[in-house]
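Report on one structure; see the data block that follows.
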Amino acid sequence: MSGDHSHNDSQIESGSRYNDSHKHKDKYKDKEHRHKDHKKDKEREKSKYSNSEHRDSSDKKHRDKDKERLKLKDGSSDKQKDKHKEKKKEERSFDGKPKKERENGFASPLIKSEPENDDFYLSPKHEKSLKRERDDDDAEFKPKKIKTEDDRSEKKAKKRKQVEEDIKPKKKTKGKKGEVATDGKKKAKKEPEDKWKWWEEERYTDGVKWKFLEHKGPVFAPPYDPIPSNVKFYYDGKHMKLSPEAEEVATFFAKMLDHEYTTKDIFRKNFFKDWRKEMTSEEKSKISDLNKCDFSEMSEYFKAQSEARKAMTKEEKLKIKEENERLLQEYGFCVMDNHKERIANFRIEPPGLFRGRGDHPKMGMLKRRIRPEDIIVNCSKDSKHPKPPPGTKWKEVRHDNKVTWLVSWTENIQGSIKYIMLNPSSRIKGEKDWQKYETARRLKKCVERIRSQYREDWKSKEMRIRQRAVALYFIDKLALRAGNEKEEGETADTVGCCSLRVEHLSLHQEMDGQEFVVEFDFLGKDSIRYYNKVPVEKRVFKNLQLFMEDKEPEDDLFDRLNTSILNKHLQELMDGLTAKVFRTYNASITLQQQLSELTNSEENVPAKILSYNRANRAVAILCNHQRAPPKTFEKSMQNLQTKIDAKKEQLADAKRELKSAKADAKVRRDEKSKKAVETKKKAVERVEEQLMKLEVQATDREENKQIALGTSKLNYLDPRISVAWCKKFDIPIEKIYNKTQREKFAWAIDMAEKDFEF
DNA sequence: AGCGAGACTTAGCATTGGGCGA
DNA sequence: TCGCCCAATGCTAAGTCTCGCT
């Protein structure tokens, strides 16, 4: 596994805690709460960065790797590939290399009919060019050739069985045949008995995304429901009846009154400005100061409403639920190429006040109501077009099968386009996801070459090359995002790698006993703070000094670089390579390494799952996926501790009982008392296990306080790694993936065997 | 090359609802 | 059976990257 990424280890050993040792900093107060004090700082600090030399292996080694790589490209000496060749259909579909089975396996009428495709599969001579690789595995442009293999269906059947066995038949595991919802839920709704396995089918070529698309259009937000007239608004202490338009916007503000941001200047200013636009001229002339507005009655009214909603009877709740279900059934699905597919967001975003994240200059602005006249519908010509609500019409109906969206509109805050698209379980999303991981796996094959290249480039005579090389090093080592430029004043001030400014790093010749430490402190995506102290190689350090020379804090660190230059370069290194592939690659390879390191096959299932979560956590830390500690965190931790204490007591009791039973048995020496001892022994064991389970849970939760595992699980970790791990250690897949996740990763669950290797 | 529009993925927070213990 | 709590789901903002134009 040449893709080893030793730097990752460094972040993990300590049991994977988020590094928040920056608490004393008072920049970015906003996010400060996330980085509260942590007792293990020191410890973590040490272990986290102990591994500064992570890629310091000699240049020579890299050169050798380079040679190896070239060989790999020829496809002849790749052991791994040979090993996997016979079995892995997924490699067949997305992997760039020609495989034997390609040549024997399929007739590929599709390919034949498209002359420009011939060479991808057949002629070895083409293998030499980098270009070919891309083409071959670019899902969108190449047909899959899967079905042609003869033994395939047989294998498939076998596999499917395995999967089914692995998935413990629980109450209502989705639509596997023969399984009826056992708990009598009315929702034994007949999902298609056999889930469609799109991953076994051919893919489209030429950027066509579908041939047929039919849907019912979007669901609009309910019209404004005026508040009762006894709920009053006061201006300057005097009751004032607002026009419906002005009133609606006022209710948006009233609903947010409890939020901190209604106290923020920018928010109030933006809101007031937009609110005034909705007022009648009379209202406008009267209402000139937001501070004189009293929304409290409105606010109380809405609070009461939500209480009332909670207190509804079962029947009422059920009714609402049924209505939602009906809406889902009617609007939540579309037909794309003969298959009914779930739509992700079929409801149009309701109007409200915009709340950007972080210090957003547009917070508080009015997000206007979307009307049918704003909507562009996309569907196929020969489908039944969705109807606009009576008396309205669509802005446009188009038939563009080169895109995946069903509906779009332009949002008024940033002027960007919003879309209605399909659910992650859909073919169109799944294929793309699968392809993403295949690209990352290709990076694995050449990452050493790329690393040695950027290390070389640190010495380049050209500034732009050096900057590019250092930036790439950060992206690779620290999993930073690319960092596109952003329009100033339009969004919160956040950065990624290429947009780092001098003020975001400080250099320390020596720090905490380590040489050449770079201290990062900046706000990244969603204004989440990235804080990290990283020992780097001397050459990187010197380069950074050079880049920062004679610059102001607000100047760009990489003034000769942007994402487009970087990505163009990456594209030359490997087809399909962009900055974000490194994140995917490093995340997945880290998971795989950590799993193999942390999993102890002797341990029981909860312990193994803790290991899994720790591996997952290592990735989340690498990718800086944070969350605000849940509001009820302390309390729920306490609750758990109480449970643990109770369990301990119970255990003590059980042990005592066992002891006395033993004593008893010694005296009596009869069958009955012996049996009693056995029973007590069992009881002790049972309680011990329960205790252990609780303790594991507590550890897991504590470690997870500020770390969000979901994002990496959903977007960065090749699901086949997890599936393989489950199979290898006999862990039911439900322990790792919930229902939604299992739907999204159905392809991986179906195809990955226990020996899958990323 | 630089730019803006467009399409699509990635992200954290808010709300919901269902399971579970009292 | 009820109410609590947390996992699941829903929501939509904020990124990345490509493409076509100038």
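A note on names: the letters A, B, ... follow the listed sequences, proteins ahead of strands, and every chain is numbered from 1. What you see is a predicted model; the values in this text were computed from it and never measured.
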How long is the line joining [atom1] of [X] and [atom2] of [N], in whole Å?
X	N	atom1	atom2	value
A:L328	C:dC11	CG	P	11 Å
A:E260	B:dC13	CD	P	14 Å
A:H625	B:dA11	NE2	P	4 Å
A:E487	C:dG15	CD	P	14 Å
A:E396	B:dG6	CD	P	11 Å

Report task. Assess whether one donor atom and one acceptor atom, taken from the side chain of A:K525 and the base of B:dT10, lie less than 3.5 Å apart. Result ->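 Looking at the base of B:dT10, it does pair with a donor or acceptor on the side chain of A:K525 (distance under 3.5 Å).
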[N] phosphate, OP1 or OP2: any side-chain N/O from [X] under 4.0 angstrom?
X	N	result
A:R701	C:dC6	yes
A:T711	B:dT10	no
A:S416	B:dA5	no
A:R481	B:dA11	yes

Which part of the nucleic acid does [X] contact within heavy-atom distance under 4.0 Å: base, sugar-phosphate only, or nothing?
X	answer
A:N484	base
A:K317	nothing
A:P424	nothing

Requested in this report: Salt-bridge test for A:E325 and A:K321: reply yes if a basic N is under 4.0 Å from a carboxylate O, no otherwise.
Outcome: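 Answer for the salt bridge query: no.
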Query - A:D526 with A:R357: basic N within carboxylate O range, under 4.0 Å - result: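 Salt bridge: yes.
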Report task. Give a yes or no on whether the backbone of A:M363 and the side-chain of A:N270 come within a donor-acceptor separation of less than 3.5 Å. Result ->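 Answer holds: yes.
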Query raised in the report: Any idea which of C:dC17, C:dG15, B:dC8 is nearest the A:T578 side chain?
Result: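 Of C:dC17, C:dG15, B:dC8, C:dC17 is nearest to the side chain of A:T578.
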Report task. Could you please name the option among C:dC17, B:dG6, B:dC13 that lies closest to any side-chain atom of A:A628? Result ->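 Of the candidates, B:dC13 comes closest.
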Query raised in the report: Are A:Y737 and A:F745 close enough that their ring centers fall under 6.0 Å?
Result: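 For A:Y737 and A:F745, the ring centres are under 6.0 Å apart.
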